[in-house]
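Worksheet for the structure shown next.
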Amino acid sequence: MKYVYGPVPSRRLGRSLGVSPIPSKTCNYSCVYCQLGRTDHFTNLRKDFFDPHEILKEIFKSVEENRSIDYITFVGEGEPTLCKSIGYLIDQAKLTSLPIAVITNGALLYDEDVRMDLRNADVVLPSLDAGDEQTFLKINRPNKEIKFERMVEGLKQFSKIRKGQLWIEVMLVKGLNDSEEEITKIKNILKDVNPDRVYINVPIRPPAEPWVEIPDEESIAKAHEILESYVISGYETGEFNVDPDHLYDEILKICERHPLREDQIKGICLKFNIGPDEIISKMRNDKSVKEILYHEKRFFVVKPKMEGKA
């Protein structure tokens, strides 16, 4: 599969079938905490990078082959709303009768077309990591066309027309947005957005910038209290759906979109009674794979080649 992966375990969405309608690291943000590194293709231009019909073929095939899917999730390795046909893809994917989720940075919700594209999704999960322009620039490092107030207004407008659930995600970064003052600013914005849920997240996987740190427990608890939020700071657990006949390549594909911990790779191997030592040794000798030690855990990341339709 080129555009679809999983299902993979998600801390919010259960067993999630991931759909990536954009090339790797194609985004209008370059967030300091991004688990996939700095943005390679920094753009705010919407277009179809791939044939939408080919994406749909993979979605329908995956749904037919996997009966244990909780959500079809448009997420990508960047910003999925940069795909101009995402509204069409969402509407067609709903023919599977499975709920549709979209994980987005929310930057393009100021565009009426994007708001209309996402309004039929069952769950939309935009990010809101800052309560003012200054912090927004420090954390999200947006494309120059994206202004903080414009982004926030788009979020407010979308909240009025959406048909499904709206779950806001706040990524806390130590020293940037984890103070009581910064969290209160976010809270004041959310009063006008009226989301169904707020999730607090922290950078549990290796971030784009090595200086990024997880806030202390006291700061996380205070943010939880102010935002009246769910906390998803723990590591995800659960099974990854892979083809055991092509296990090594399947693991690499997941690592392109979702850095894996060493214990997760071992779990995937042992599920099929395959010794993990050979797989992990091969990954360590593979030039496309990067091994990172972060918070006493070993992660494996694969940086894919840039590709897409001009």
Can you check whether Tyr199 reaches Val170 side chain to side chain, under 4.5 Å on heavy atoms? no
Tyr248 ring centre to Lys282 NZ or CZ under 6.0 Å, with the angle to the axis within 45°? yes
For Ser288, all residues meeting side-chain hydrogen bond (donor to acceptor under 3.5 Å, both in side chains), sequence neighbours excluded: Asp286
How many angstroms lie between CD1 in Ile59 and OH in Tyr3, if you round to the nearest 0.5 Å? 11.5 Å
Does the plane of the ring in Phe136 sit parallel, tilted or perpendicular to the ring in Phe148? Use 30° and 60° as the thresholds. tilted
Quick check: is Leu176 connected to Ile220 through a chain of hydrophobic side chains (ILVMFWY, heavy atoms under 4.5 Å apart)? no
Donor-acceptor pair, side chain of Asn177 and main chain of Met171, under 3.5 angstrom: yes
How about Ser30 and Arg38: does a side-chain donor come under 3.5 Å of a side-chain acceptor? no
Looking at Thr73 and Val75, would you say the former's side chain and the latter's main chain have a donor-acceptor pair under 3.5 Å? no
Residues in salt bridge (Lys or Arg N to Asp or Glu O under 4.0 Å) contact with Arg298, at least two apart in sequence or another chain: Glu291
So which heavy atom on Cys83 is nearest to which on Phe49, and how close? N-CE1, 4.5 Å
Donor-acceptor contact below 3.5 Å, side chain Asp70 vs main chain Arg15: yes
Would you please name every residue forming a side chain to side chain contact (heavy atoms under 4.5 Å, CB included) with Glu225, sequence neighbours left out? Lys222
Quick one: does Asn66's side chain have a donor or acceptor within less than 3.5 Å of a partner on Val63's backbone? no
Show which side-chain atoms of residues 99-108 pair as donor or acceptor with protein atoms under 3.5 Å away, not counting sequence neighbours.
unit_1 : atom_1 : unit_2 : atom_2 : d
Thr104 : OG1    : Glu79  : OE1    : 3.4
Thr104 : OG1    : Glu79  : OE2    : 2.7
Thr104 : OG1    : Gly106 : N      : 2.9
Asn105 : OD1    : Ala107 : N      : 2.8
Asn105 : ND2    : Asn28  : OD1    : 2.8
Asn105 : ND2    : Glu79  : OE1    : 3.3

Does Ser20 use its side chain to pair, donor to acceptor, with the backbone of Ile22 at less than 3.5 Å? yes
Do the non-hydrogen side-chain atoms of Pro142 and Leu137 ever get within less than 4.5 Å of each other? yes
Is it the case that one hydrophobic cluster holds both Ile139 and Ile146, taking links as side-chain heavy atoms less than 4.5 Å apart, direct or via other members? no
Considering residues at least two apart in sequence or located in another chain, which fulfil the side chain to side chain contact (heavy atoms under 4.5 Å, CB included) criterion with Pro195? Leu166, Ile168, Leu190, Val193, Val198
On a heavy-atom basis, the closest approach of Pro7 and Ile69 is CG-CG1, 4.1 Å
Considering only distance and modelled atom types, tabulate donor-acceptor pairs under 3.5 Å from the side chains of residues 274-281, sequence neighbours left out.
none

Under the side-chain hydrogen bond (donor to acceptor under 3.5 Å, both in side chains) test, residues paired with Lys61 that sit two or more places apart: Glu65
Backbone N or O of Arg261 within a donor-acceptor pair of the Gln264 side chain at under 3.5 Å? yes
Got Phe50 and Pro21 here, is their nearest side-chain heavy-atom distance under 4.5 Å? no
Only one of Gln165, Arg197, Glu169 passes side-chain contact (heavy atoms from CB on, under 4.5 Å) with Leu125, and that residue is Glu169
Check Lys187 with Glu228, please: is the shortest side-chain N to carboxylate O separation under 4.0 Å? yes
Looking only at atom types and distance, does a side-chain atom of Glu213 sit under 3.5 Å from a main-chain N or O of Lys174, one as donor and one as acceptor? no
Does Lys160 have any side-chain hydrogen bond (donor to acceptor under 3.5 Å, both in side chains) partners at least two apart in sequence or in another chain, and if so, which? none
Between NE2 on residue His53 and CD1 on residue Ile55, distance to nearest 0.5 Å: 10.5 Å
Using the salt bridge (Lys or Arg N to Asp or Glu O under 4.0 Å) criterion, which residues pair with Lys94? Sequence neighbours excluded. Asp122
When you group the ILVMFWY residues by side-chain heavy-atom contacts below 4.5 Å and let the links chain together, are Val124 and Ile161 in the same group? yes
Considering only residues two or more places apart or on different chains, which pairs with a residue in residues 102-116 satisfy salt bridge (charged side-chain N to carboxylate O under 4.0 Å, His left out)? none
Is Trp211 close to Val32 at the side-chain level, that is, under 4.5 Å between some pair of heavy atoms? yes
Filter on salt bridge (charged side-chain N to carboxylate O under 4.0 Å, His left out), then keep only pairs touching residues 136-149, sequence neighbours left out; what's left? Arg141-Glu209
Criterion side-chain hydrogen bond (donor to acceptor under 3.5 Å, both in side chains) against Glu153, the qualifying member of Arg150, Gln157, Lys156: Gln157
Side-chain contact test, heavy atoms from C-beta onward, threshold under 4.5 Å: evaluate it for Ile254 versus Tyr5 and give yes or no. no
For a quick test of reading the model, state the closest non-hydrogen atom pair linking Pro259 to Gln35 and the distance between them. CG-O, 3.5 Å
Mark yes or no for whether Thr39, through its side chain, and His41, through its backbone, hold a donor-acceptor pair below 3.5 Å. no
Whether Arg46 and Asp117 form a salt bridge (side-chain N of Lys/Arg under 4.0 Å from carboxylate O of Asp/Glu) is what I want to check. yes
Contact between Glu262 and Phe300 at the side-chain level, heavy atoms closer than 4.5 Å - yes or no? yes
Determine whether Cys269 and Leu247 make a side-chain contact, defined as any pair of heavy atoms from C-beta on separated by less than 4.5 Å. yes
Between the main-chain N or O of Glu218 and the side-chain N or O of Asp216, is there a donor-acceptor pair closer than 3.5 Å? yes
Please examine the side chains of Leu98 and Leu17, heavy atoms only from C-beta on, and report whether any two atoms are closer than 4.5 Å. no
Count I, L, V, M, F, W, Y as connected when their side-chain heavy atoms are under 4.5 Å apart, and connections chain through other members. Are Ile292 and Val212 then in the same cluster? no
Set of side chain to side chain contact (heavy atoms under 4.5 Å, CB included) partners for Lys185, sequence neighbours left out: Asp132, Glu181, Glu182
On the 0 to 90° scale, with breaks at 30° and 60°, tag the Trp167-Tyr71 ring pair as parallel, tilted or perpendicular. perpendicular
Side chain of His224, backbone of Ser229: donor and acceptor closer than 3.5 Å? yes
